[in-house]
Amino acid sequence: MGRKIQILDTTLRDGEQAPGYGMNLNEKLEMARQLERLGVDIIEAGFPVSSPEDYEAVQQISRLVKKSVVAGFSRCVQEDIRRTWQAIQEAEKPRIHIFIATSEIHMQYKLKLSPEEVLAKITESVALARSLCADVEFSAEDATRSDRAFLAKALNTAIEAGATVVNIADTVGYITPDEMFRLVQYLKEQLCNPQIPLSVHVHNDLGMGVANTLAAIRAGADQVECTINGIGERAGNVALEEVVMALHTRYDYFQCDTNINTSQIYRTSKLLATVTGVGLPPNKPIVGKNAFAHESGIHQHGVLASPLTYEIMKPEEIGIYQNRMVLGKHSGRHAFVERVAELGYLIPEASLDKAFARFKLLAERKKDITDKDIEAVLGSSAVLGVKETYALKSFVINSGTVISATAVVRLVRDDGEEFEHVARGEGPIDAAFKAIDRIVKMDNKLQNWTIQAVTEGEDALGEAVSKITCNGRPVTGRGLSPDILEASMRSYINAINKAIMLEPQRT
Ligand code: KIV
Ligand code: ZN
C-alpha cells in the first residue's frame with residue numbers, strides 16, 4: 001500500500017465557472033452522483049454566494065452525497081462564510097473552503113490590503129468557519145507567485161486559526177515542476193503542524209498542470225485538486241483522469257494510491273461531455289477517442305503480437321470495454337439492464353425505464369446495437385431527467401440546390417396537444433429550427449450547432465448538440481438519431497425543454 005493521496009474534484013465549482021460549461025441543477029446532481037461513484041474524496045459542489053442557483057445546487061448536492069466530503073467555496077468574508085455553511089450543513093461530511101490571495105500583485109492591486117491585513121482576515125475567517133464546521137480548508141490564491149516566507153506564514157496563520165487542510169493555488173498556471181517540488185518541500189518543513197494535509201491546486205496555462213501536480217505529490221503533497229476532462233478557467237484545471245492514471249500506471253515510481261475507482265473514469269468523462277455539450281479532442285490523454293487506437297501498421301502488428309508493446313494501460317482499466325455486438329430489437333428489458341450493469345452504469349429505476357424506451361426506439365432503426373450505442377443512449381440528456389415538455393412527433397423537410405429549404409414540424413406537448421408549423425430557411429436545419437420556434441413561441445437564438453457520429457458503421461448514431469440562448473438563458477441540448485436532421489431537431493427541442501424547466505412558470 002502506497003501513500004494515500006486525497007482527490008478533491010472541483011468540476012462543479014472551478015470547472016463549471018468557465019464559459020461554456022454551465023450546468024443546470026439536474027445535471028449537477030447527476031455529475032455529483034457520478035463523482036461519488038468514481039470515488040473522489042471531496043466534491044467541491046459550488047460557490048454558494050455567487051448566485052441563488054449555485055446555492056441551491058450546493059444544498060441539494062449536500063443532501064444527496066453520502067460518502068464523499070462536500071465542500072462549499074467562499075471568500076474570506078463573514079457573510080459568505082455563513083451562507084456557505086447554510087448551504088452545506090446537511091451534508092454527511094461538510095467542508096468550508098475559504099480563500100484569499102497572498103501574492104504581492106493580488107494583495108496590492110486586487111485586494112488593496114497590506115500583508116498584515118490579509119493575515120488578519122485569514123485568522124478571523126478561518127476561526128469563524130471553524131466555529132461552524134469541523135472541516136475547513138484554507139487556500140492561498142496565487143500562492144505560486146507569492147513570497148514564499150509570507151506564504152508559509154499565511155498557511156500557518158490558517159492552521160493556528162483552526163484550518164484542517166491548507167492548499168496552495170497555482171492560479172495562473174505559472175510555476176514549473178522543479179519549482180513546485182521545491183515549494184512543496186519547503187512548505188512541508190515550515191508548516192507548524194505536520195498532521196495538517198497540504199494540498200495543491202494547479203491550472204494548465206502553460207500545459208504543465210499534470211507535471212506540476214505530480215511534482216507536488218513527489219515532494220509530499222497530501223491532497224490534489226482537479227477537474228474531470230481538465231475543464232476550468234482559460235486552459236483549465238489539471239485533469240483528474242490524467243493525474244490518477246499517472247499515479248496508477250506508474251505506481252512503481254510514485255508509490256501512491258488514491259481512492260478512485262478507475263473503471264468509472266471513462267463514464268464520468270462521457271457524462272460531463274454530455275451534460276456540457278463540450279466534446280473532447282480525439283488525442284486527449286486517457287479519455288480521447290484515439291487514446292487507445294492504434295492506426296499505424298507497425299503499432300497494430302505489435303499490439304496484436306502483445307498489447308504490452310504499445311499499450312501502457314488497458315482500456316478496461318478506465319471502463320472502456322471492447323466492442324461487442326450485444327443487443328438487438330428482440331432484446332428484453334432484463335438483457336438491457338444486465339448489459340448496462342456490466343458496462344458499469346448504476347442508473348436509478350425511473351431513468352432506466354426511459355433509457356430502455358430509447359433503446360427500443362433505436363433498435364427498431366439500427367441493426368447492430370453495440371456497447372457504444374448503449375452508452376450514447378444512457379448518456380443522452382433525456383435520461384438525465386429533463387422534463388419533455390415538447391417532443392418531436394413527425395417532420396418533413398425539403399431541400400436542395402434549386403429550391404429553398406422548407407420544414408413541416410409536428411411537436412406534441414406533455415398535455416397531449418399537438419402543434420404543427422411550416423417554415424422556410426437558409427437550409428434544412430434553419431428551416432426546421434424556425435418551425436420549432438413558431439410552435440414554442442420562445443425567443444431562441446442558436447449560438448452553436450455540431451453533429452458527430454458517436455458510433456461506428458453505416459447506420460452510426462449521430463449526436464447533435466445545440467447551444468442556444470432561450471429567452472436570454474444559455475442552454476445546451478443534445479439529440480441522438482441515425483438521421484442527422486432528426487438528431488438536430490431533438491437537440492434543439494431538448495435545449496428548449498431545459499430552458500422551460502428553468503422557468504417553471506411557463507406552460
Ligand atoms: O485557482 C485558484 O486560485 C482557485 C482557488 C483554490 C483559490 O481556484
Ligand atoms: Zn482554480
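Atoms within each ligand, like the ligands themselves, are counted from 1 in listed order. Values reported hereafter were calculated over all heavy atoms of this structure, with side chains retained and with hydrogens, waters and symmetry mates removed.
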(message) What's the separation between atom CD in Q34 and atom CG in D9, rounded to the nearest 0.5 Å?
(response) 11.0 Å
(message) Check E92 with K67, please: is the shortest side-chain N to carboxylate O separation under 4.0 Å?
(response) no
(message) Test your reading of the structure: does E225 have an N or O sitting under 3.5 Å from an N or O of ligand 1?
(response) no
(request) Please answer whether the main-chain N or O of S114 pairs with a side-chain N or O of E117 as donor and acceptor at a distance below 3.5 Å. (result) yes
(request) Measure E233 to ligand 1 on non-hydrogen atoms and call it side chain, backbone, both or neither using the 4.0 Å cut-off. (result) neither
(message) For F73 and F99, I'd like to know if the aromatic rings sit close, meaning centre-to-centre distance below 6.0 Å.
(response) yes
(request) Please say whether the positively charged group of R218, taken as NZ for Lys or CZ for Arg, lies over the ring of F181, i.e. under 6.0 angstrom from the six-membered ring centre and within 45 degrees of the axis. (result) no
(message) Considering both backbone and side-chain atoms of E141, is one of its nitrogen or oxygen atoms within less than 3.5 Å of a nitrogen or oxygen in ligand 1?
(response) no
(message) Using a 3.5 Å cut-off on N or O atoms only, is D14 in polar contact with ligand 1?
(response) yes
(message) Can a side-chain donor-acceptor contact be found between E160 and T157 if the only test is distance below 3.5 angstrom?
(response) no
(message) With heavy-atom distances below 4.0 Å as the criterion, list the atoms of ligand 1 near R13.
(response) 4 (C), 5 (C), 6 (C), 8 (O)
(request) Please find the N/O/S atom of H203 nearest to the Zn ion (ligand 2) and write down its name. (result) NE2
(request) State, to the nearest 10 degrees, the angle whose vertex is the Zn ion (ligand 2) and whose arms point to NE2 of H201 and OD2 of D14. (result) 90°
(message) When you compare ligand 1 with T171, is there at least one nitrogen or oxygen pair between them that comes in under 3.5 angstrom?
(response) yes
(message) Is it the case that ligand 1 has an N or O less than 3.5 angstrom from some N or O of D142?
(response) no
